[in-house]
Amino acid sequence: MHTVLNHPLLEHRLSLMRDIATPPKLFRELVNEITVFLAYEALGDIKMREIAIETPVAKTVGRRVDEPRIILVPILRAGMGMLDAMLHVLPYAKVGVLGMQRDETTAEPIPYYAKVPPAKNGEELAIVIDPMLATGGSASDAVAQLKKLGYKRIKFLNIISAPEGIAKFEKDHPDVGVFTAAKDERLNSHYYIVPGLGDAGDRIFGTL
Ligand code: PRP
Ligand code: URA
């Protein structure tokens with residue numbers, strides 16, 4: 001399932017992110033803000049439990065998050081840009097890291113680092129974060145690695161998706177929910193998203 005969020009406050013921020021004149025500091029702030037919106041939408045079905053509480057006025061029953069093991073999995077590099085916002089929303093989450101580099105000519109993902117603890121019982125919720133879903137190779141490979149480690153409940157949050165990436169990801173992982181802030185037109189001949197925002201890692205880290 002691929003959910004494209006549609007909201008004026010998101011569109012406003014996306015337009016600023018896409019602008020080539022937007023400097024890294026503002027770009028990072030926008031990534032943070034958009035990630036909070038994505039988390040809000042993606043986490044609407046997490047497990048909750050009822051608890052008894054007492055307000056200054058009356059006794060009542062409240063609900064609290066009941067997800068003892070959430071693991072955030074940024075795909076290096078650009079996924080790191082979304083991590084602070086996710087930890088802000090889920091302060092007790094654990095963090096695993098997957099390093100993935102696209103081959104410059106073929107856009108095939110080349111995994112170069114993995115530091116993710118194996119799942120203990122399949123009840124864990126793994127949330128993969130990466131701003132860009134272009135060919136879909138990196139995200140699909142990341143989710144395949146998590147499945148091998150025993151994760152069964154997986155979501156993927158990203159900021160801009162290409163139709164080609166959505167199609168590949170849905171074919172490879174129909175069981176994983178994807179939440180994205182924008183579905184763009186297409187990929188260009190260098191496998192960049194059009195209109196996109198360029199290289200997300202370079203824009204976050206100022207390495208243009
Ligand atoms: C970017 C992006 C994704 C990937 C998406 O990473 O952050 O991981 O490309 O492309 P795909 O859907 O075609 O796989 P990149 O390989 O440029 O590395 P970086 O984050 O280190 O810049
Ligand atoms: N990775 C990026 O950072 N941008 C694209 O447009 C495609 C892949």
Side-chain angles (χ1 to χ4, degrees), residues 1-5 31 34-35 38-48 65-87 89-103 106-183 187 191 193 200-201:
M1 184 201 54
H2 203 106
T3 303
V4 182
L5 278 60
V31 171
I34 290 178
T35 302
L38 289 170
Y40 177 85
E41 186 71 25
L43 299 173
D45 63 351
I46 57 175
K47 293 181 192 164
M48 305 287 288
V65 172
D66 190 22
E67 290 277 3
R69 255 178 87 87
I70 296 182
I71 180 150
L72 306 172
V73 185
I75 302 179
L76 301 179
R77 263 178 320 169
M80 292 301 288
M82 299 171 73
L83 183 59
D84 273 357
M86 291 303 294
L87 282 171
V89 174
L90 298 167
Y92 301 110
K94 300 173 193 316
V95 180
V97 173
L98 291 175
M100 208 87 71
Q101 182 70 45
R102 294 201 312 172
D103 180 287
T106 63
E108 282 296 311
I110 306 166
Y112 62 84
Y113 185 71
K115 194 82 182 174
V116 182
K120 287 200 170 121
N121 55 20
E123 289 293 307
E124 301 88 346
L125 174 61
I127 305 175
V128 179
I129 48 178
D130 188 332
M132 308 304 271
L133 181 68
T135 64
S138 306
S140 179
D141 192 286
V143 168
Q145 289 190 50
L146 292 179
K147 287 181 175 174
K148 267 196 202 139
L149 289 167
Y151 289 92
K152 294 187 169 33
R153 298 172 62 216
I154 306 174
K155 292 175 188 274
F156 174 46
L157 274 52
N158 81 299
I159 295 179
I160 299 185
S161 296
E164 295 88 335
I166 294 174
K168 174 176 172 56
F169 193 89
E170 282 188 336
K171 181 169 153 288
D172 293 352
H173 303 292
D175 53 322
V176 175
V178 182
F179 296 84
T180 190
K183 179 178 173 183
L187 296 179
Y191 306 103
I193 300 176

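In this chain, residues are counted from 1 in sequence order.
The two residues L87 and A93 make their nearest non-hydrogen contact at CD2-O, 4.0 Å. Nearest heavy-atom pair across R77 and Y112 is N-OH, 4.5 Å. A pairwise comparison of heavy atoms in A139 and I75 identifies CA-CD1, 4.0 Å as the closest pair. Taking all atoms of both residues into account, the shortest heavy-atom contact from A200 to A78 is CB-CB, 4.0 Å. When all heavy atoms are compared, the tightest approach of P131 to M82 is N-SD, 3.5 Å. Nearest approach of G122 to A119, heavy atoms of both residues: N-CB, 4.3 Å.
For the pair E164 (side chain) and L187 (backbone), a donor-acceptor distance under 3.5 Å is present. Put simply, the side chain of R102 never gets that close to the backbone of T135: no donor and acceptor are under 3.5 Å apart.
Rounded to the nearest 0.5 angstrom, Y191 OH and D103 CG are separated by 9.5 Å. Within the model, atoms CD of Q101 and OH of Y113 stand 16.0 Å from one another, a figure rounded to the nearest 0.5 Å. Between the CG atom of L133 and the NZ atom of K183 there is a distance of 11.0 Å, given to the nearest 0.5 Å. Rounded to the nearest 0.5 Å, atoms CE (M132) and CG (D130) are 8.5 Å apart. Here the straight-line distance linking atom CG of L157 with atom CZ of F179 works out to 7.0 Å at 0.5 Å rounding. Rounding to the nearest 0.5 Å places CD1 of I70 at 11.0 Å from CD of E124.
You'll find the side chain of V116 stays beyond 4.5 Å of the side chain of Q145, heavy atoms only. Annotation: side chain of I129 is not in contact with side chain of L38 (no heavy-atom distance under 4.5 Å). Taking 4.5 Å as the limit, some side-chain heavy atom of I127 sits within range of a side-chain heavy atom of L43. With a 4.5 Å cut-off on side-chain heavy atoms, H173 and L146 do not count as touching. Annotation: side chain of L72 is in contact with side chain of L90 (closest heavy-atom distance under 4.5 Å). Residues V73 and Y151 form no side-chain contact, since every pair of their non-hydrogen atoms from C-beta on lies 4.5 Å or further apart. Taking the side chain as every heavy atom from C-beta outward, Y92 and V65 never approach each other to under 4.5 Å. Using a 4.5 Å heavy-atom threshold, the side chains of P117 and K94 count as separate.
More than 12 heavy atoms of other residues, nucleotides or ligands sit less than 6.0 Å from atom NZ of K147.
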**Report entry** Test salt bridge (charged side-chain N to carboxylate O under 4.0 Å, His left out) applied to E123 and K47, step by step
**Finding:** CA-CA 11 Å; E123 289 293 307; K47 293 181 192 164; 2.7 Å; yes
Query - Audit row: D45, K155, salt bridge (charged side-chain N to carboxylate O under 4.0 Å, His left out) steps and yes/no - result: CA-CA 11 Å; D45 63 351; K155 292 175 188 274; 3.0 Å; yes
